[in-house]
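Okay, so here's the structure we're looking at.
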Amino acid sequence: MSVYSQTMRPLFIISLFFISLFTYTHSLAQCTVDNSYTVAGIYPNPLPVGFAGQPYSEDITFVMPTDTSGATINNFEIVSIALPVGLSWVCNNAANGCNYNPQNNVYGCINVYGTPILAGVYEVEVSILVDVTASGANIDNIPVPFFITLEIQTPAIGNSGFNSNPQIGCLPLQVDFTNNNPGLLYYEWDFGNGVTTNDENPGIQTYTQSGSYPVQYSGYSNMDTLDNYTLTEVTILNVGENWLGEPWGWELLNGNNPDPYFQLLEDGNLIYQSNYEYNNDGPITWSVNINMDPAKQYKIKVMDADETAAQTNTAEITYGGDDNCGSHIMNFSSCSSCGAGSYSDVAYNIDYQQIFPVPSVQSLDTIVVGAAPGIPNIVYDSSAYTIATDSSQYILQWSIDSVFWTGHTDSVESIDQTGYYYVTAYSPLGCSSTSDSVFVIYCDTTLSFDIEIDAAENLYVPNLPQGYGVQWYLDGIEINGATTYDHQPDENGDYVAYVYDSLGCDFLTAPFVYYNDASIQELQSDWWCYPNPAQDQFVVMWPESVGFESLMLFNMDGRLMISIDVNTSPQVIDVSQLSNGMYILFGEGAKGMLKKRVVVRH
């Protein structure tokens, strides 16, 4: 196998190995190696996602191979890592220029740290120089660029920045905003209602219209505006020579063109080295992505890979180390053709971007403001004892006499008590409006009253509720002054009690037929009928001298209801099947036809 093949194969494998290198770490402190990893590789992998405006830090451990395919790896030098703006890196062997000899120690680490400023997906170029020994030949400073992907996302905005109280409410809504991050340099508030402020503590804001209002908050700990310069392209336009073949040797002796590459120096320190182009005197272009600090000086050095090319091409005559063909001090604007010493010209492109301050805290929340429903209308139907509203599209709650009427939430409700009724309508956000009240008199339809008579023959209304009044009537005519719950009748006839309350509810009892035998001059002492009034039966008694032979009971219409023949006293008359009312009992006997009034009341 040729020296070229033996050399390039391990370099290819080295490139593949490093294509997954580097991730994240802590500020300027050295990183810490994790010795639990033993297999060659980069840990962790892939790179964690970062967030714009938020600190990023990760320790990355790499385990280096010592050889590959017969080539011994003598040194890895990490030259540069083209990180997104705001991020930096440091290795744990910075004192030795981030050079690592895997023959002495296979472990190393990198710390990527800082606060990324711009969101995006970045292909981060890592520039490494590798020294190897293959087939007894030493090949130094072989550039091995590789790329890793680092995604910087816009942070998901929650609400760690402020508190709002209340967050939901009804017009007009006053919201008290409290800053959770005092002491920062600058604040931006946008309350979504047209009001903005830079106050640290904005206090109470008033919302006078319904709707959803996004509230945006930003807090800044740094207000510096960054001028970002990014080198994106370098071109070696040409490499010339004098009659002696300088700088790479007399053309007549080797018959070859130069093998150019370039180095980028920052304040004299190498931060990037390109790969070389074999036998090419230009133009040659390399795409790069290198952030430049305007406070530092940058130099492009054009080099001829004399030593390296000679190791891989037997036609190449080695004239010692790689040749410096010239250099160019860069300014911070692009150059289409700039001299780099006596033998070369270069061009380069620098992009400029002004990066404004990035908030250290961003928060977003929403204030929801609702409007009250229109004032409900209510209608009372006295005939059906119902009360109704036209606001059925809302959540409803009825009240009576300033107290919630528990369980009554329908648009139509049946009432069961007297009082002031009104309804409150609620929107889904809890905003409410209340109707006017309606005074409703409820007369309990289940109530009824009767007249009874006591042993002293006083008429009275039993179970009369407190506060109810009574007016007595006889045969449909009001009895003057008869307004108590009981009444002493002094005439026979139909008595009715008119019962009423203070609200106007009134009831009439059924007529009570009162009949007092002592008040009728119909030979009352000759025979007797009791009890009178009778419920289901009554007893008829007479002396032997009366000598009844038959008894007949007529209703007030003259219809015969009962007729029996009798020869002894007493007799029991069954009236359980007769209707309530007054009846005339006739007894026919030795003294002719005698009669009595009998009242039946079940």
Does CD1 in Ile375 sit with more than 12 non-hydrogen atoms of other residues, nucleotides or ligands closer than 6.0 Å? no

For [Y], does its backbone N or O pair with a side-chain atom of [X] as donor and acceptor, under 3.5 Å?
X      : Y      : answer
Asp557 : Arg559 : no
Gln167 : Thr366 : yes
Ser360 : Gly219 : yes
Ser433 : Pro373 : yes
Asp475 : Asp494 : yes
Asp390 : Asn377 : yes

Would you check, one step at a time, whether the test ring pair (Phe, Tyr, Trp, His ring centres under 6.0 Å) holds for Tyr207 with Tyr213? CA-CA 9 Å; Tyr207 293 84; Tyr213 296 87; 4.8 Å; yes

Of all heavy-atom pairs between [X] and [Y], which one has the smallest distance, and what is that distance?
X      : Y      : result
Val566 : Gln571 : CG1-CG, 3.5 Å
Ser160 : Val361 : OG-CG1, 4.1 Å
Tyr422 : Ser402 : OH-CA, 3.1 Å
Val461 : Ala497 : CG2-CB, 3.7 Å
Ala425 : Ser391 : CB-CB, 4.4 Å
Ala52  : Ile117 : CB-O, 3.6 Å

Is there a side-chain contact (heavy atoms from CB on, under 4.5 Å) between Leu150 and Ile152? Walk through the geometry before answering. CA-CA 7 Å; Leu150 173 58; Ile152 304 299; 4.0 Å; yes

Pairs under 3.5 angstrom only: tabulate donor-acceptor contacts from the side chains of residues 169-179 to other protein residues two or more places apart or in another chain.
{"residue": "Asn179", "atom": "OD1", "partner": "Asn181", "partner atom": "N", "Å": "2.9"}
{"residue": "Asn179", "atom": "OD1", "partner": "Tyr217", "partner atom": "OH", "Å": "2.7"}
{"residue": "Asn179", "atom": "ND2", "partner": "Glu200", "partner atom": "O", "Å": "3.1"}

Partner residues of [X] under the side-chain contact (heavy atoms from CB on, under 4.5 Å) criterion, sequence neighbours left out:
X      : result
Ser545 : Pro543, Lys591
Thr225 : Gln354, Phe356, Pro357
Gln537 : Val572

Decide whether Tyr500 and Gln471 meet the rule of one side-chain donor and one side-chain acceptor closer than 3.5 Å. no

Using only heavy-atom distances, determine whether the side chains of Gln54 and Thr115 contain a donor-acceptor pair under 3.5 Å. no

Taking side chain as C-beta onward, heavy atoms only, is [X] less than 4.5 Å from [Y]?
X      : Y      : answer
Val358 : Pro116 : no
Leu364 : Pro214 : yes
Tyr485 : Tyr460 : yes
Leu118 : Asn228 : no
Val513 : Pro533 : no
Thr149 : Leu47  : no
Pro55  : Tyr113 : no
Asp486 : Asp454 : no

Not counting sequence neighbours, which residues clear side-chain hydrogen bond (donor to acceptor under 3.5 Å, both in side chains) with [X]? List them please.
X      : result
Thr208 : none
Ser435 : none
Ser36  : Asp34
Thr197 : Asp199

May I have the list of side-chain donor-acceptor pairs in residues 438-449 shorter than 3.5 Å, sequence neighbours left out?
{"residue": "Asp444", "atom": "OD1", "partner": "Thr446", "partner atom": "N", "Å": "2.9"}
{"residue": "Asp444", "atom": "OD1", "partner": "Thr446", "partner atom": "OG1", "Å": "2.6"}
{"residue": "Asp444", "atom": "OD2", "partner": "Thr446", "partner atom": "OG1", "Å": "3.1"}

I need the full list of disulfide (SG to SG under 2.5 Å) pairs touching residues 565-602, with sequence neighbours left out, sorted by first then second residue. none

Over 60° means perpendicular and under 30° means parallel, so tell me whether Tyr473 and Tyr498 are parallel, tilted or perpendicular. perpendicular

If you round to the nearest 0.5 Å, how far is [atom2] of [Y] from [atom1] of [X]?
X      : Y      : atom1 : atom2 : answer
Asn463 : Glu452 : CG    : CD    : 8.0 Å
Lys596 : Trp528 : NZ    : CH2   : 8.5 Å
Ile451 : Leu459 : CD1   : CG    : 6.5 Å
Tyr186 : Asn222 : OH    : CG    : 14.0 Å
Tyr56  : Leu83  : OH    : CG    : 9.0 Å
Glu549 : Asp565 : CD    : CG    : 9.0 Å

Atom pairs and distances, side-chain donor-acceptor, residues 406-416, under 3.5 Å, sequence neighbours left out:
{"residue": "His408", "atom": "ND1", "partner": "Glu413", "partner atom": "OE1", "Å": "2.9"}
{"residue": "His408", "atom": "NE2", "partner": "Trp405", "partner atom": "NE1", "Å": "3.2"}
{"residue": "Glu413", "atom": "OE2", "partner": "Thr409", "partner atom": "N", "Å": "3.2"}
{"residue": "Glu413", "atom": "OE2", "partner": "Asp410", "partner atom": "N", "Å": "3.0"}

Which residue pairs pass the ring pair (Phe, Tyr, Trp, His ring centres under 6.0 Å) test with at least one member in residues 558-602, sequence neighbours excluded? Phe554-Phe586

Does the pair Leu553 and Val575 meet the rule for a side-chain contact (heavy atoms from CB on, under 4.5 Å), with working shown? CA-CA 10 Å; Leu553 186 66; Val575 293; 4.1 Å; yes

side-chain contact (heavy atoms from CB on, under 4.5 Å) between Ile378 and Asp436, intermediate numbers included: CA-CA 8 Å; Ile378 56 175; Asp436 293 333; 5.9 Å; no

Asn193/Gln205 under side chain to side chain donor-acceptor pair (under 3.5 Å): CA gap, chis, key distance, verdict: CA-CA 9 Å; Asn193 60 350; Gln205 300 296 318; 4.8 Å; no

Using the rule given for side-chain contact (heavy atoms from CB on, under 4.5 Å), can you reason through Tyr514 versus Leu474, listing the C-alpha separation, both sets of side-chain angles and the distance that settles it, and then say yes or no? CA-CA 10 Å; Tyr514 177 77; Leu474 174 60; over 6 Å; no

For residues Phe191 and Trp189, establish whether the separation of their ring centroids is below 6.0 Å. yes

